Amino acid sequence: MNWIGLWTLIRREVGRFFSVYRQTVLPGLISSALYILIFGFTLEQRISEIQGVSYTWFILPGLIMMNTLTNATSNTASSMLQMKLLQQLPDLLTAPLSGFEIALSYIIGGAVRGLVNGTLVLLLGVLLIKLPVIDPVGTIAFIFLVSWAFASMGLVLGQLADSWDQLAMMQNFFLTPLSFLGGIFYSIQMLPEWAQSLSFFNPIYYMINGIRYTILGISDSSISFSFWMAVALTIIFSATAMLLMQSGEKIKQ
Amino acid sequence: MPEPAIQISGLFKSYGDVHALCGVDMTIDQGEFFGMLGPNGAGKTTTINILTGLVFNDRGSTQVFGRDTVTDYRFTRSKIGIAAQELSIDWFFPIERLLYFQAGYYGIAPRKAKSTIDNLLKRLGLDKKRDSRLRQLSGGMKRRFQLAKALVHDPDIIILDEPTAGIDVELRRDLWQYLRDLHSAGKTILLTTHYIEEAELLCGKVAIIDQGKVLKEGTPKALTRELGHAGITVQLNQDAVNLEKHLSGFTYTAEENRLHFVVKDPDSSLPEIIQKLSQTEVHIQSITTNSSSLEDVFLSLTGKGINE
């Protein structure tokens, strides 16, 4: 194991997104603050409580999760695609680093970004709307687990993508719709039965309900199922990302 | 005999219907300054990329210090520093930081890399630019940075893919001198180039490669002796007549007081010609030699110029 190599690449990946924090950290915070302001101060009076909590409280765990998984995904996906397009990848591929080490470093970099973004939105919720966090350790752990899973998925997308257009398509046509349909803004009990059934096939639904449980103690789905779903996604996506990197698909000829 | 620094055996690689390599064999000894000379698309970069792990081969093997570059990649890659032809771009970090990253990938902690990095930045004239981003550097500086990156882990083997492509004459000479210094310090250097002059000036041994095959290998001198033809022109004080019996065995033309010899190796033929002529009545006024170059060798092997 090339530990120094691994650590170097992790530092590079984390340093990369911090160096452009205006693109990578602030936007999620600003959009979350806007959601809180709009929903909290304008719509909340017109919307009744959901499962015993105020509407703004109800949506905040979903916002945390949306920020976490979009940031984790885009960190690895864009960093990998950028390295491919800017001819930087040969520096890594000709170094004494295994595909496993390269993939792991990228995933950790993306997971840190997901964790930083998710945690900042959580803090925003605590500060602005006094969000109660029933299980802080569980919340942070869940954010990290989901970050890891989606960072792995992002790495797979980045390695397979040939252009920014393809990445944007994944983000706009799959990730964002699945996040919105995963119950950020509503409880699925408010949906007709057929739509509820469809939600069960959306993995992000379980992520949102999992974190809602650790923060507010309420959830549409079983917490253990949400947790194991997150673990399963983490294992599947990590293994896929590592095997794909090892295979050299699209990055070696 | 020590292990060869690089051993390439029976290397084949195709991209679909395009046969990039058709059985490349090459041995590069430790401490050698080796040049792969060939036109664009000859297979030079593909060979290097297989050696460094960027390209999978179809058949054949590549070894570095006797160890396989696929199964023992950690060892072999740690021995090689490569300056690729394509310049990489990084938007995020200053160049000094990039060199620390590069050292890190090779398992060298920043503390240990510091003196090497400081020396490289100074030697390559990048000292004042250490806090600049790559996009702020000129083309020549980017090339030098590329070289610094290849040397940051003090590799035994340095591979340079067209290191002087697109840079001005002054910088080219400066880089050549640096490469000579590295070679004198005991490094094995493998250079690909399509500049004949570069191969002739720097390389102790040259492989001429075209269409995925090594056509010929040897010292530039041996190659030109074997395959090239040089001209020796001798001006006499009188018309060149009645010299046939003295100059039998030479290929030459005589025109008034001028003799033009076509020889394989001017270094050995010239004294012979002078000696033969001194046995005659004529006096030599001047001698000019047009020595054969690798360019002639390339021409006679492939039937075309290197940049055609």
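Since the model is a prediction, treat every value here as computed from it, not as a measurement. Below, chains carry the letters A, B, ... as their sequence lines are ordered, and counting in each starts from 1.
- For the options B:Ile82, B:Asp90, B:Asn49, heavy-atom pairs under 4.5 Å to chain A are most numerous at B:Asp90.
- Comparing B:Gly107, B:Gly53, B:Ala150 by heavy-atom pairs within less than 4.5 Å of chain A, the highest count is held by B:Gly107.
- Listed for the A:Thr24 side chain is a donor-acceptor partner under 3.5 Å among the backbone atoms of A:Phe17.
- Checking side-chain atoms of A:Gln82 against main-chain N and O of A:Ser79 turns up no donor-acceptor pair under 3.5 Å.
- The aromatic rings of A:Phe185 and A:Tyr35 are tilted relative to each other, their planes meeting at an angle between 30° and 60°.
- Top candidate by heavy-atom pairs under 4.5 Å with chain A, chosen from B:Ile89, B:Leu98, B:Ile108, B:Thr46, is B:Ile89.
- Using a 30° and 60° split on the angle between ring planes, A:Trp148 and A:Phe144 fall in the perpendicular class, above 60°.
- For the pair A:Thr76 (side chain) and A:Ala151 (backbone), a donor-acceptor distance under 3.5 Å is present.
- Among B:Tyr105, B:Phe92, B:Trp91, the residue with the largest count of heavy-atom pairs under 4.5 Å with chain A is B:Tyr105.
- Ranked by heavy-atom pairs under 4.5 Å with chain B, the first of A:Gly15, A:Ser19, A:Pro96 is A:Pro96.
- The distance from the CG atom of B:Leu124 to the CE atom of B:Met141 is 11.0 Å, given to the nearest 0.5 Å.
- Proximity to chain A (any heavy atom under 4.5 Å) is shown, for B:Phe75, by neither the backbone nor the side chain.
- With a threshold of 4.5 angstrom between heavy atoms, A:Thr94 approaches chain B through its backbone and through its side chain.
- For A:Phe227 and A:Phe142, the ring centers are positioned 6.0 Å apart or more.
- Both the backbone and the side chain of A:Ser98 come within contact range of chain B, with heavy atoms under 4.5 Å apart.
- Counting heavy-atom pairs under 4.5 Å between each of A:Glu101, A:Met83, A:Lys252 and chain B puts A:Lys252 at the top.
- Residues A:Gly5 and A:Asn2 come closest through the heavy atom pair N-OD1, 2.8 Å.
- Neither the backbone nor the side chain of B:Ala84 comes within contact range of chain A; no heavy atom of the residue lies under 4.5 Å from a heavy atom of that chain.
- Residue B:Leu51 does not touch chain A at all, counting heavy-atom pairs closer than 4.5 Å.
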